[in-house]
Protein chains: 2
Amino acid sequence: MPVKDAGEKLHAGKAEIKRVNAGMMEEGIVRKTAELFGVLSDPTRVKMIIALSKAELCVGDLAHIVGASDSAVSHQLRTLRNMGLVDYRREGKQAFYSLQDKHLKRILEQSIDHVREGLGSS
Amino acid sequence: MPVKDAGEKLHAGKAEIKRVNAGMMEEGIVRKTAELFGVLSDPTRVKMIIALSKAELCVGDLAHIVGASDSAVSHQLRTLRNMGLVDYRREGKQAFYSLQDKHLKRILEQSIDHVREGLGSS
DNA sequence: GAATCATATGCACGCTTGTTCATATGATTA
DNA sequence: TAATCATATGAACAAGCGTGCATATGATTC
């Protein structure tokens with residue numbers, strides 16, 4: 001049975017619409033994908049992830065590197081932790097973080113190239 | 001000359017910090033990268049981009065496909081247009097949009113796979 | 001045990017963002 | 001020309017987000 005288009009006025013052919021609809025994903029996947037990108041939509045977090053992809057770092061050093069306050073970085077790390085994107089290791093007073101998610105590094109690097117190629121105009 | 005660390009207390013070796021710092025990008029690139037990801041951080045826009053990567057569509061059809069109002073979609077299209085991510089073509093009353101930026105499709109698809117592999121836990 | 005250090009957390013505030021509603025624009029049709 | 005259609009736009013509002021500040025926690029050092 002085809003998709004019910006009862007009443008709605010469409011312009012492109014129904015076959016076309018149907019074809020596009022078939023390529024759409026489940027709502028849940030879409031939501032999670034958007035959430036993942038949300039992580040990368042903040043400059044501080046982008047820098048944090050770049051840094052953590054290069055070395056395991058404690059909060060203070062990370063804050064120093066990305067140029068944000070300890071508090072801000074700690075807050076953001078919680079987000080990354082909750083999403084399972086960073087690894088966490090305690091050593092005395094310090095907490096060491098590193099990038100858990102290798103895919104993230106790939107996606108980020110690819111996108112940076114993309115921006116470098118000139119398209120991120122704004 | 002090494003990076004000036006005057007006064008700040010670092011924990012990891014300075015060489016390590018220096019190495020990580022070297023891998024950091026210019027502020028402008030970081031900002032634009034974050035902006036690009038910002039585009040993909042909303043479910044409606046994710047759906048729009050998926051749809052537009054499969055076919056050229058007019059506003060109404062696109063709205064129908066992604067399940068949002070014409071107005072909402074039009075607003076979002078303006079954002080995408082301003083960022084140079086979609087192509088625009090007028091035909092009579094209708095305006096047809098398509099994905100200008102092929103990289104975007106690649107990045108998006110790669111990230112969807114990534115989410116499918118189970119990491120987008122939230 | 002007191003002081004200090006590294007990190008974490010709750011709250012508040014300002015800013016951004018996505019949507020809706022109303023209206024405008026511009027093209028087609030009657 | 002009037003009415004209608006597709007799209008665009010502006011104002012307004014709610015919700016979410018990033019940060020600073022104060023404070024808490026837990027480990028080390030004196």
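In what follows, every chain begins at residue 1, and chains take the letters A, B, ... in the order their sequences are listed. Values below: all heavy atoms of this structure, side chains included; hydrogens, waters and symmetry mates excluded.
- The aromatic rings of B/F37 and A/F37 lie parallel to each other, with less than 30° between the two planes, well short of the 60° mark.
- Following rounding to the nearest Å, B/F37 (CZ) and D/dC17 (P) show an atom-to-atom distance of 18 Å.
- Closest approach of A/I17 to B/H64, counting heavy atoms only: CG2-ND1, 4.3 Å.
- With centres under 5.5 Å and a plane angle under 30° as the test, the ring of B/H75 is not stacked against the base of C/dT19.
- For B/Q94, whose side chain is taken as the heavy atoms from C-beta onward, the closest listed nucleotide among D/dA6, D/dG20, C/dT7 is D/dA6.
- Expressed to the nearest 0.5 Å, how far CG of A/L108 lies from CG of A/L40 amounts to 6.0 Å.
- Under a 4.0 Å N-O distance rule, the pair A/K32/A/E26 does not qualify as a salt bridge.
- We find that CG of B/L80 is positioned 13 Å from C1' of C/dG18, with the value rounded to whole Å.
- Residue A/M48 comes nearest to A/V66 through the heavy atom pair N-CG1, 3.7 Å, listed as atom of the first residue, atom of the second, then distance.
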Under a 3.5 Å cutoff on both atom distances, Watson-Crick or G-U, what's the dot-bracket for DNA chain C ([ ] crossing, | other strand)?
-> ||||||||||||||||||||||||||||||
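- The pair A/R116-A/E109 does not meet the salt-bridge criterion, since no charged nitrogen lies less than 4.0 angstrom from a carboxylate oxygen.
- The distance between atom CG of B/L77 and atom C1' of D/dT7, rounded to the nearest whole Å, is 10 Å.
- Of all the residues in residues 38-47 of chain A, A/D42, A/T44, A/R45 reach under 4.0 Å from DNA chain D with at least one non-hydrogen atom.
- Atoms NE2 and CG, from B/H75 and B/L80 in turn, are 13.0 Å apart once rounded to the nearest 0.5 Å.
- Applying the 4.0 Å criterion to OP1 and OP2 of D/dT7, one finds that B/R78 has every side-chain N and O outside that range.
- Remark: P of C/dA6 and CG of A/L62 are 15 Å apart, rounded to the nearest angstrom.
- A salt bridge links B/E16 with B/R19: the distance from a Lys NZ or Arg NE/NH1/NH2 to an Asp or Glu carboxylate oxygen falls below 4.0 Å.
- Summarising the geometry, the separation between NE2 on B/H64 and C1' on D/dA6 is reported as 16 Å, rounded to the nearest angstrom.
- Side-chain proximity of B/Y97 to the nucleotides C/dG10, D/dA8, C/dT7 is greatest for D/dA8.
- Taken from OG1 in A/T79 to CD in A/Q76, the straight-line distance is 5.5 Å, to the nearest 0.5 Å.
- Rounded to whole Å, the distance from CG on B/D70 to C1' on C/dA22 is 15 Å.
- Considering only side-chain atoms of B/Q76, the nucleotide from D/dA8, C/dT19, D/dT19 that sits closest is C/dT19.
- Heavy-atom distances to DNA chain D give each of A/S69 and A/K93 a nearest nucleotide, and the one nearer the 5′ end belongs to A/S69.
- Shown here for A/G60 and A/D70, the closest heavy-atom pair between the two residues is CA-OD1, 4.0 Å.
- Checking the phosphate oxygens (OP1, OP2) of C/dT7, no side-chain nitrogen or oxygen of A/R89 falls inside 4.0 Å.
- Scanning atom types as modelled, one donor and one acceptor separated by under 3.5 angstrom connect the side chain of A/S71 and the base of C/dT9.
- B/E35 places its CD atom 15 Å from the P atom of D/dG18, with the value rounded to the nearest Å.
- The 5' end of DNA chain D is approached more closely, in terms of each residue's nearest nucleotide, by A/V73 than by the other of A/R90 and A/V73.
- Summarising the geometry, the separation between CE on B/M48 and C1' on C/dG18 is reported as 12 Å, rounded to the nearest angstrom.
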